[in-house]
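In what follows, a structure is listed as structure tokens, so that the remarks can point back to it.
Keep in mind that what you see is a predicted model, and the values were worked out from it rather than measured. Here is the naming used below: chain letters follow the sequence lines, and residue numbers restart at 1 for every chain.
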Protein chains: 2
Amino acid sequence: MEKEVKKISIAVIKRLPKYHRYLGELIQKDVEKISSRKLSEMMGLTASQIRQDLNNFGGFGQQGYGYNVKDLYREISKILGLHNKYNFVIIGAGNLGQAIANYHGFSEKGFHLKGIFDINPKIIGMKIHEVQVMDIDKLEEFIYTENIDIAVICVPKENAQEVADRLNKTNIKGIWNFAPVDLRVRKDTVLEQVHLSDSLLTLSYKINEKLLQERQEKIRQRRDIPGHPLKSIKT
Amino acid sequence: MEKEVKKISIAVIKRLPKYHRYLGELIQKDVEKISSRKLSEMMGLTASQIRQDLNNFGGFGQQGYGYNVKDLYREISKILGLHNKYNFVIIGAGNLGQAIANYHGFSEKGFHLKGIFDINPKIIGMKIHEVQVMDIDKLEEFIYTENIDIAVICVPKENAQEVADRLNKTNIKGIWNFAPVDLRVRKDTVLEQVHLSDSLLTLSYKINEKLLQERQEKIRQRRDIPGHPLKSIKT
DNA sequence: TAGATTGTTAATCGATTAACAATC
DNA sequence: TAGATTGTTAATCGATTAACAATC
């Protein structure tokens, strides 16, 4: 009777923004329809996976035809919650905070920057992207009066948890954290962590792995070719 | 005979930086040893998973004791390739490029910023974090003469692939891409993409999901409590 | 209609968790 | 020695891929 709300796996959710991005590009290229097969080739996934993913949310396609690009884009936008408008603040007006403040892509998607906060008196009062930098003391009040949904944390890692603790006492809905720590937040607050360093270390791992492979390859060649040429030939 | 190089799964690799981070913090707190159990509680993983992960690379622990924090940290550093030093350049000296240039955490880990490139004549010649912004025309030459290992792409998405194409003709080892496009690179070049927008959309999904749940919850309450109180009681 | 392509079920694959003997 | 905790095998769980009937 009750409509079963089946839990969507995080793996699927993480792919949705990518679908959204590719469909957006297809719209710009005036492509009207797309098959799971063609989309899979563009995105580097399997067609089967795409159909499975989309069918978590409903049958958006049509047999023998494929998917209507605009419709599918709209559906995924809605699944991602992009039909809502979100007000957000940035906490920490350093380089990263400024970079995010100046990025135009977010407002296009319905995320509106309402305020920037910092603790440094030299920065407070400055204007970044039409928005004043305010004293962090005013944070809680501002969140309340301006109906802020999302806080973006761009402070040093030493202060990040303390900022999160303050946010935990407000009715903020989501926290987007760029400080390299895993924040503890209230259970009903949504948290998305961006660990840039982790990403760099992953890159480092892959580079090193490739170096090791190349080194192995060289050793193998040296051993095989000059001394024992027959060794390298399968009989 | 040949030492089997077993392929480590991407899921494991993506957890390594997190291990590294937590172990680094334990060292700072002068913690000498740690069990998989305690580490699992700190990190929000299972102890079993931690032991499985680490045993991909070797038996770093000791039965009845646990893991020596410093030793394990060193081992993971090595697995991540952090015993190497990397030279990197930033391409695109906008806010994000500057933010990365000014972030000190990278040099601590052995990543050295050697140059910043931009196409804008107004920016070329400026100094950011002791490093001169150079004309993008000089990119290839600089990569060659300065032994650059990694290029960080911080240009607008329209120009990102064209930068990648130029990098593909050099002997660069890795590309760290912040432009919101999936770059095509040479097969022997390592690529790590950071899609900030994707992360924001994931946050949006989760916030919206929570809103929907709350709304459902309210409907359920309204239906159950005033009209048919017995409905909500299991018999 | 015939061809194309979805939606969906079943099979496979891989990752996580559980269990426990080995051993410090 | 007894207790603790690893390393490792086996069991479980979940995600991806394959297959194909439904249907446009």
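- Between the CG atom of B/N55 and the P atom of D/dT6 there is a distance of 10 Å, rounded to whole Å.
- Distance CG (B/N68) to P (D/dT5): 15 Å, rounded to an integer number of Å.
- Between A/Y67 and C/dA4, a side-chain N or O to OP1/OP2 separation shorter than 4.0 Å is absent.
- The CG atom of A/D71 sits 14 Å away from the P atom of C/dT6 (whole-angstrom rounding).
- D/dC13 atom P lies 19 Å from atom NZ of A/K7, rounded to whole Å.
- Here the P atom of nucleotide C/dT6 and the CD atom of A/Q49 are 15 Å apart, to the nearest Å.
- No side-chain N or O of A/N87 forms a donor-acceptor pair with one of A/N147 less than 3.5 Å apart.
- Contact between the side-chain N/O atoms of B/T46 and the OP1/OP2 oxygens of C/dT17 is found at a separation under 4.0 Å.
- Computed from coordinates, the B/I50 CD1 to D/dT5 P distance equals 13 Å when rounded to whole Å.
- Judged by distance alone, the side chain of A/R37 and the main-chain N or O of A/A47 form no donor-acceptor pair under 3.5 Å.
- Across the protein-nucleic acid pair, B/L45 atom CG and C/dA15 atom C1' stand 13 Å apart, rounded to whole Å.
- Out of D/dT5, C/dA18, C/dC20, the shortest distance to the side chain of B/Q63 is found at D/dT5.
- With hydrogens and angles ignored, a donor-acceptor pair under 3.5 angstrom links the side chain of B/Q52 to the base of C/dT17.
- Side chain to side chain, A/T202 and B/E192 fail the donor-acceptor criterion of an N or O pair below 3.5 Å.
- Of the candidate nucleotides C/dT9, C/dA18, C/dT6, C/dT6 has the atom nearest to the side chain of A/R51.
- The aromatic rings of B/F111 and B/Y86 lie parallel to each other, with less than 30° between the two planes, well short of the 60° mark.
- Atom-to-atom, CD of A/Q62 to C1' of D/dT23 comes out at 9 Å; the value is rounded to the nearest Å.
- Inter-residue side-chain proximity for A/N55 and A/F60 is flagged as unmet; no heavy-atom pair is nearer than 4.5 Å.
- When side chains are defined from C-beta on, A/S77 does not count as touching A/H83, because their heavy atoms never get closer than 4.5 Å.
- Taking the six-membered ring for Trp and thresholds of 30 and 60 degrees, B/Y73 and B/H20 have nearly parallel ring planes, at less than 30 degrees apart.
- If you check residues 8-43 of chain A against DNA chain C, the residues with a heavy atom closer than 4.0 Å are A/S35, A/S36, listed by number.
- Nearest heavy-atom pair across A/V190 and B/K210 is CG2-CD, 4.3 Å.
- Electrostatic pairing of A/D198 and B/R21 counts as a salt bridge here, judged by a charged N lying under 4.0 Å from a carboxylate O.
- Base pairing in DNA chain C yields stems of at least 3 consecutive Watson-Crick or G-U pairs, both distances under 3.5 Å, namely C:3-24 with D:3-24.
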